[in-house]
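Quick note: numbers below take in every heavy atom, side chains included, and nothing from hydrogens, waters or symmetry partners. Numbering starts at 1 and runs along the sequence shown. Whatever order the structure lists ligands and atoms in, that order sets their numbers, starting from 1.
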Amino acid sequence: MGLLSQGSPLSWEETKRHADHVRRHGILQFLHIYHAVKERHKDVLKWGDEVEYMLVSFDHQNKKARVVLNGEEILEALQEKGERKNPNHPTLWRPEYGSYMIEGTPGQPYGGTMSEFNTVEDNMRKRRQEASSLLKENEALCTITSFPRLGCPGFTVPDYKPTPVEGGASKSLFFPDEAINKHPRFSTLTRNIRHRRGEKVVINVPIFKDKNTPFPFIETFPQDDEATQAAQPNHIYMDAMGFGMGNCCLQVTFQACSISEARYLYDQLATICPIVMALSASSPFYRGYVSDIDCRWGVISASVDDRTREERGLEPLKNNSYRISKSRYDSIDSYLSKCGEKYNDIDLTKDKEIYERLLKEGIDHLLAQHIAHLFIRDPLTLFEEKIHLDDANESDHFENIQSTNWQTMRFKPPPPNSDIGWRVEFRPMEVQLTDFENSAYVVFVVLLTRVILSYKLDFLIPLSKVDENMKVAQKRDAVLHGLFYFRKDICKGGTAVVDGCSTAQNGTETDTEEFTLMSIDTIINGKEGAFPGLIPILNSYLENMEVDVDTRCSILNYLKLIKKRASGELMTAARWMREFVSKHPDYKQDSVITDEINYSLLWECNKIANELSECPELLGSGFKKAKYSGNKTGSSS
Ligand code: GLU
Ligand code: MG
């Protein structure tokens, strides 16, 4: 989850005093990088995925599933056995926000050949096996997006009580500080977000109204005025960063061949974020209740919302410089490519001084405003030992601001003095239960970037419409019932869209005829006479590619999963979990996930992940390839 520095973290008051210093030097660091590598061309496609995992313990006797707070030790052991012994080790492990979480990536990025698509799932399996082998009996590595009883009494092993007192990091009524990763970055982030905001974070998720759910559904917190005021009727109230950043996701990062290709991909993929998020929906339960949303996005957004009351527009501006319309964790606010310019219809708050400075240094308007927008934020953590840096050779201050802007897409300049190119990160997806599904979503997105570039596809629509799509995407069963703005004619890019724009698009007013509302099924699978569909386009791309039989078979299986999820033939994890709970004998149609329901659900998830249970509603049947067929990497024919 971003930059990890070692050292002594400063308090919010001290960090704030250095905020301008961090921003000033962050910009200098960016300028050094930009001028050194702006002309870099011909980097090859490389890409990699990130999977976040939870450590879960099963108490079969008492029918309880709880998160295990030993991610730090597991991580240490994984790194010790892996990357520290062998620089070519096939997996890499990193910490994540929860002390019950870890994050795994492939040891080396994947390259541009088709056969690499056939290695993703094996690598994910390797990760699962590696980490699982270090766990105790009755513990499991789970790829679930949100732990259903996160924040409920006794949800951790060991058991800790929350400490809603001054001096704590979260001050949460529900989420103990011990569940936060022990690296000081994470508790400092938590504390400083709260201090900067001036109050605890507030997360209100609409509750799913079942037959016996009290109406209105009102929770009272007699000991806590802040909570009583913040909790909304008919909502599940949460009050800590852990309720958001303690969720798991699936991300993909691409290296583009040049800065302009990276900017182009950033824009194109931004329009795809809500669509793939809805397709990957897997987080319907929060704090022991059934909610009315299927995706984590808004929850994390609120969980790290450090804006003051002034910045949120609740009080006149006095001590702060801007009104800010979104949390630091949110959808992007501006397109970066020339083609995107005319669709930039969101009011962009930017640091004027930084913007002017960047222009003066020869950076174009679009990139300058992007950076100047990220830099309206304060640094949230700063380490005493890391205040004075060598701006020509280090980038910590730039990364400090950059990596705490958690947006749907991230545009990533190369690190200083490295052979890494310009990259973009695709961040909206929810993590799936199995390695097969996670591979399918990753391969789908990577293939999509290939056709976007090869066929010069154009998905751009006004960015405000993408924002509307983000809202729809999180709703319950958005895959089946949601309607999303999507571009009607995606093939008219014509020429040279990467470095410029086709002439037809320049300067003209946004034509409302360019986009229309579509279902996910139409967008993904196409509709006769209306829209070609992304899967048919990918299939025709594949037909024209030389791919070995084994790889082709895997890719087709992945695409089939996506296709069936989009058509509703297969369920999303969110839908499947809802059905599981509603049929559970302990469920009282009152929107409550009891310990026993939580236990049965997670145990079933664990069986599915380890292929001990088939779950055709989620995975279909008969399209898994024969695994361990011996020819794992395949070769291009
Ligand atoms: N866990 C966060 C999410 O679900 C992402 C944290 C990160 O940026 O690695 O979106
Ligand atoms: Mg992460």
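Note: no N/O pair closer than 3.5 Å links Trp297 and ligand 1 by distance alone. Polar contact check, Arg427 against ligand 1: a nitrogen or oxygen pair lies under 3.5 Å apart.
Under the 30°/60° scheme for interplanar angles, the aromatic rings of Phe147 and Phe155 are found to be tilted. Classified by interplanar angle (parallel below 30°, tilted 30° to 60°, perpendicular above 60°), the ring pair Tyr599/Phe58 is perpendicular.
Those atoms of ligand 1 with a heavy atom of Glu96 less than 4.0 angstrom away are 6 (C), 7 (C), 9 (O). Against a heavy-atom cut-off of under 4.0 Å, Ile300 is close to the following atoms of ligand 1: 3 (C), 4 (O), 10 (O). Atoms of ligand 1 found under 4.0 Å from any heavy atom of Cys249, numbered from 1 in the order shown, are 2 (C), 3 (C), 4 (O), 5 (C), 10 (O).
Not a single donor-acceptor pair under 3.5 Å links the side chain of His235 to the backbone N or O of Tyr237.
For Glu437, the side-chain hydrogen bond (donor to acceptor under 3.5 Å, both in side chains) criterion is met by Thr434, Arg565, not counting sequence neighbours.
Residue-ligand proximity: Met101 is placed with every non-hydrogen atom at 4.0 Å or more from ligand 1. Contact between Glu430 and ligand 1 is absent, with no heavy atom of the residue lying under 4.0 Å from the ligand.
In this structure, the ring of Tyr266 has its center less than 6.0 angstrom from the ring center of His370. For Phe243 and Tyr286, the distance between ring centers is not under 6.0 angstrom. Taking the six-membered ring for Trp, Trp47 and Phe426 have ring centres at least 6.0 Å apart.
Annotation: side chain of Val51 is not in contact with side chain of Glu103 (no heavy-atom distance under 4.5 Å). Taking 4.5 Å as the limit, every side-chain heavy atom of Tyr441 sits out of range of all side-chain heavy atoms of Tyr558.
Contact annotation: for Gln251 versus ligand 1, heavy atoms closer than 4.0 Å belong to the side chain alone. At a 4.0 Å heavy-atom cut-off, ligand 1 touches Tyr329 through the side chain alone.
Taking 2.8 Å as the limit, the number of protein N, O or S atoms around the Mg ion (ligand 2) is 3.
The cationic atom of Arg476 (NZ for Lys, CZ for Arg) does not lie both less than 6.0 Å from the six-membered ring centre of Phe208 and within 45° of the ring axis.
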